[in-house]
Amino acid sequence: MAFLSRFAPRSPRALAPVVSAVLIGLLGVPSQVLAKAPARPAAAPKAATGSVPWLYRGSDVPQDKAWIFGVLPNGLRYAVRRNGVPPGQVSVRVLVDAGSLYETDPQRGYAHLIEHLTFRDSKYLKAGEAIPAWQRLGATFGSDTNAETSPTQTVYKLDIPDVSPAKLDETFRLLSGMITAPIFTDVGVKTEVPIVLAEMRERSGPQTRILDGTRAVFFAGQPLGVRSPIGTEETLNAATPAKVKAFHDAWYRPDNAVVVVAGDADPQALIAHIKQWFGTWKGTGKRPPLPDFGAPKPPVGGDPANPVGEAKVMVEPDLPRVFNYAVLRPWHKVNDTIVYNQGLMIDRLGIAIINRRLEGRARAGGSYLAASVEQQRISRSADATLVTVTPLTDDWKAAVKDVRAVIADALATPPTEEEIAREVAEFDVAFKVPVETQETLAGSKVADDITDAVDIRETVANPDTVYSIFRSSIPLFTPAAVLEHTRTLFKGTVVRSVMITPKASDGTEADLRTALLAPVAPSSASRLAASSLSFKDLPAIGTPGTVTNAEGTGLLGIERIELSNGVKALLWANQAEPGRVIVRVHFGGGYAVIDPKDAVYASLGETALMDSGFGNVGREDLDRLATGRKLSLDFDIDDTSFKFSADTRPADLADQLYLFAAKLAMPRWDPNPVVRAQAAARLGYESTNASAASVLQRDLGWLLKDGDPRYAVPNPAEIAKASPEGFRRVWSALLKQGPIEVDLFGDFNREEAVAALERTFGALPQRDPAPATGFAPKVPAPVGDPLTLNHHGDANTAAALVAWPTGGGSAGFHEARQLELLSQVFNNRLFDAMREKIGASYAPQVNSSWPLDLPSGGYLAATTQLRPGDLTAFFAASDKIAADLAATPATPDEIARVTEPMKQLITRASTGNGFYMYQLEGGALEPEKFDQLRSILTDYSAITPERLQQLAKRYLVPGKAWRLRVVPGK
């Protein structure tokens, strides 16, 4: 039920990365639709008759018949299915049941190092050949070609486009050589270890320290407490081919691996490839016994009713206060039965009710900015209920007490029938949407589902089965059952806590334990009052308009219409993605019309504008309207327009349009969302100083616009000067200005959609004209030495950028696309220079930005994270590559390595509505977008070395580049 996450309390954007940093690391274990963690083991099902596929042994969950399961004589398990989304693609996953928890102390980091070495040198791919080989097959490195190492598994992922029998055979041949016969050499290990250490550096900083420190506390006495997949410098530097091979031989064996294939090919042909290329794989010796991952231990002398144990205060001057605690239970292998999954649903119901109450209290002005409860089975090491609290002020004790009071109420008294019905309605739409959209489920996603299920030792089920089980389980969702399950979720072997704080004086470990041991009275005030609200209760937007013009665009049946009040729209009703409708609304003038002195309200608007509601409808009312519906209130600011976005379904389209139109027609100015957004922005700002990467991310967009404050992240002083009154002054004017375009692409009835548009956007009053701005941002001029910024993080980390100005405007769209190809050739060369040759950077990036709706401001930029001592090497390598690209044409092979993946990416993407919406949104106001789309494949796939050289000569001019470096310092 991973898709239920969208119903969790929403943290303000500025704080979300900080709040979630710890839990992302701890909760990074994927989940299945029917495979979330229970609070208790489930009983074994009755024995089934007939042959049971290996994934379903011990389960009575109906098998997803789309999959064919099998086991080769050598013990290799496989799962194969046909899937035509996107057409022509085959997704291959090879899972090895070995991660960092399988390592001994001297082997720490070896599972991850082997992942790297597997791509370096193997039976059919010699040193340095893997990435180019996959690129020539049309797979982009890092997205179509990737691998992941977790505490419990290593998964190799390939998404191969435009498959043919020959390409499919080549894919399995190369992949089999990588997995079954990698070649470990002194040169390979000595080359790859610095790259892994560069990856370690790039991921270092306060977030990593928090993750490692929290893991050590929550899993004290267990391997997971000290086993990060990245390893340690000491063990990695001590790695040798023989040592690495020993780990590989122990765990890379057919009886410890699974091959999963989903794609647009005959399943029997896929099985034949698996048998041909993996059937002769043999393990070395006997399979080792599985390691003991341990279990949480109770505190010595603790209270069994509230076994508060280990605690830790972590001082991070650049991060806001966050209090995390975990109720931990031993992990048990479960039988993934229907009864088990029904228990999960009740568990999730109880958690959803608590989280809604916590969010309601925070919105009302509580002592905490955000708080949430989650439950997960983590890395086969613990079954945990985790609570996260972000205090609003430095009084963290009051915040923790208030959150515990909300939880105490959920443990003392059953929820109301109305509360249960509300969450059940949310669950219903969450389970029903996958049923409605299952024809569009990508092969890569269903392949990942199987590897995730293997990892957590559970099953998969198709959406119809999931929804059927859910509907049949609704009678079980009683107040008494929810109370019982909630109580079980907060019982455990031990309770452990961590507080992240900017000041050591905030408290001690004893204070943390005291805060969790202190008696707390249940707070029934957190319960949301029963009430009902529906769209039929809401006022009309105004007098409905009419369609005054409707015409075809000459492309794919897309229609352009205009309403009597001047609102324009693009409509494309189609069945490409059943059950899905994409909605985009462009209005106003974007950053260009915001007064620079009001820049702080741009940032606050992205967070608070939609939460303030409309008319008499506040945030809580919006939630009630959305209950059981697929509705969104996403808002973004572009260079020259504001944008509402939603991904909805046919039944909810009319109400989705009403929500967006109502925001423009009758905006509400509730001060609470603004105050909360200010608090989140204040708490989050200092964290942007915590690493070189975060400083670069914070300031790059602003600096590359020559210091335009509208693109800057506001600092605490600017945030403090803002007010709800100022927010209303700025946004009340902006919401009235400029033309409106509504774009609808997907599964809808054309006549019904037009009628809904007439009732909503067609009923809006005439718009105020958008002011003329002459907005023309530019890349700053070179200033000699690089501009230097400082970060407060690790002394051995830095970041850098070099940017060459290019151009802007829709007239140059052909050149804009060709510059993207130039940037990718540049990227391949920089990757080779900085990562492969000197191990200075893990993932240098080169990209091209060309604003089509602005006359200037484009750039081609190279960025990287690295050691401060390698900054000179980065700038020198960038200059040399730029000069070489201008002096000598790229080779045909270099061109093929970027054009083939791009061609395949476009071909695959063009099978869905999202691609066309991205390319054409705004096209009713800017018809030239249609002409631009017609040449996209040619622009990205047909370019000569000479043309690429011309572009390099024109733009990669010595002395024109602007440079930035981010180094340690205060």
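In what follows, residues are counted from 1 in the order of the sequence shown. These values consider heavy atoms only, across backbone and side chains, with no hydrogens, waters or symmetry-generated copies.
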- ring-ring contact (aromatic ring centres under 6.0 Å, His included) pairs touching residues 487-533, sequence neighbours excluded, are none
- Output yes when a side-chain donor or acceptor of S687 lies under 3.5 Å from a complementary backbone atom of L683, and no otherwise. no
- Answer yes or no: is there a donor N or O on one side and an acceptor on the other, between the side chain of T688 and the main chain of G684, under 3.5 Å? no
- Task: May I ask you to test the L358-N355 pair for a side-chain heavy-atom distance under 4.5 Å?
- Result: yes
- Task: Would you mind telling me which of T486, V482, T385, L489 makes a side-chain contact (heavy atoms from CB on, under 4.5 Å) with D347?
- Result: L489
- Message: Between K401 and S523, is there a side-chain donor-acceptor contact under 3.5 Å, judged purely by atom types and distance?
- Response: no
- Roughly how far apart are F614 CZ and W669 CH2, rounded to 0.5 Å? 13.5 Å
- Does a side-chain N-to-carboxylate-O contact under 4.0 Å join R215 and D212? yes
- Message: What I'd like to find out is whether the side chain of V400 reaches to under 4.5 Å of the side chain of M499, using heavy atoms alone.
- Response: no
- Message: Whether the side chain of D652 engages the backbone of K630 through a donor-acceptor N/O pair (distance < 3.5 Å, no angle test) should be reported.
- Response: yes
- Can E359 and R363 be counted as an ion pair, charged N to O under 4.0 angstrom? yes
- Query: Going by the angle between their ring planes, with limits at 30° and 60°, are F644 and F635 parallel, tilted or perpendicular?
  - Reply: tilted
- Query: Yes or no on side-chain contact (heavy atoms from CB on, under 4.5 Å) for V308 and D303, after CA distance, side-chain angles and deciding distance?
  - Reply: CA-CA 7 Å; V308 175; D303 178 4; over 6 Å; no
- Message: Within this structure, what is the CD-CZ distance for the pair E316 and R321, rounded to the nearest 0.5 Å?
- Response: 13.5 Å
- Decide whether D511 and T508 meet the rule of one side-chain donor and one side-chain acceptor closer than 3.5 Å. yes
- Flag yes if more than 12 heavy atoms outside E686 fall under 6.0 Å of its CD atom; otherwise flag no. yes
- Hey, does S612 have a side-chain heavy atom less than 4.5 Å from the side chain of K663? yes
- Message: I'd like to know if the side chain of D794 reaches the main chain of T797, judged simply by a donor and an acceptor atom lying under 3.5 Å from each other, with no hydrogens or angles considered.
- Response: no
- Item | Under 3.5 Å donor-acceptor, Y601 side chain and S723 backbone | yes
When the side chains of residues 403-411 are checked against the rest of the protein, which donor-acceptor pairs come out under 3.5 Å, sequence neighbours left out?
unit_1 : atom_1 : unit_2 : atom_2 : d
R404   : NH1    : A515   : O      : 2.9
R404   : NH1    : A518   : O      : 2.8
R404   : NH2    : L516   : O      : 3.1
R404   : NH2    : A518   : O      : 3.2
D409   : OD2    : R357   : NH1    : 3.4
D409   : OD2    : R527   : NE     : 2.7

- Message: F535 vs L625, test: side-chain contact (heavy atoms from CB on, under 4.5 Å). Steps then yes/no.
- Response: CA-CA 7 Å; F535 280 89; L625 287 170; 4.0 Å; yes
- Query: Side-chain donor-acceptor pair under 3.5 Å between R348 and Q375, yes or no?
  - Reply: yes
- Could you give the distance from OG1 (T416) to CD1 (I353), rounded to the nearest 0.5 Å? 7.5 Å
- Query: Do any N or O atoms from the side chain of R380 and from the backbone of D455 form a donor-acceptor pair under 3.5 angstrom?
  - Reply: yes
- Student check: side-chain heavy atoms of R698 and N689 closer than 4.5 Å: yes
- Message: Using a strict threshold of under 4.0 Å (side-chain N to carboxylate O), is an ion pair present between R629 and E426?
- Response: no
- Item | Mutual orientation of the aromatic rings belonging to F727 and W731 [parallel < 30°, tilted 30-60°, perpendicular > 60°] | tilted
- Is a salt bridge present between R619 and D611, judged by a nitrogen-to-oxygen distance below 4.0 Å? yes
- Side chains of K643 and S645: does their closest heavy-atom pair fall under 4.5 Å? yes
- Message: Salt bridge or not between E418 and R422? Use side-chain N to carboxylate O under 4.0 Å.
- Response: no
- Judged by atom type as modelled, is there a donor-acceptor pair below 3.5 Å linking the side chain of S505 to the main-chain atoms of K503? no
- T393 side, atom OG1; L369 side, atom CG - distance, nearest 0.5 Å: 11.0 Å
- N324 versus L386: any side-chain heavy-atom pair under 4.5 Å? no
- Task: Take E725 and R729 through the side-chain contact (heavy atoms from CB on, under 4.5 Å) test and state the conclusion after the steps.
- Result: CA-CA 6 Å; E725 294 76 21; R729 172 183 58 81; over 6 Å; no
- Inter-residue atom distance T390.OG1 - F323.CZ, 0.5 Å rounding: 12.0 Å
- Item | Pairwise distance NE2(H485) to CZ(F477) - rounded to 0.5 angstrom | 9.5 Å
- Partners of A399 by side chain to side chain contact (heavy atoms under 4.5 Å, CB included), sequence neighbours excluded? S367, Y368, V389, P391
- More than 12 heavy atoms of other groups within 6.0 Å of R728 CZ: no
- Q656 vs S632 side-chain heavy atoms within contact, under 4.5 Å: yes
- Query: Where do E310 and V494 land on the side-chain contact (heavy atoms from CB on, under 4.5 Å) test, with the steps shown first?
  - Reply: CA-CA 9 Å; E310 292 85 344; V494 63; 4.0 Å; yes
- Beyond-backbone contact of T493 with L328, side-chain heavy atoms, under 4.5 angstrom: no
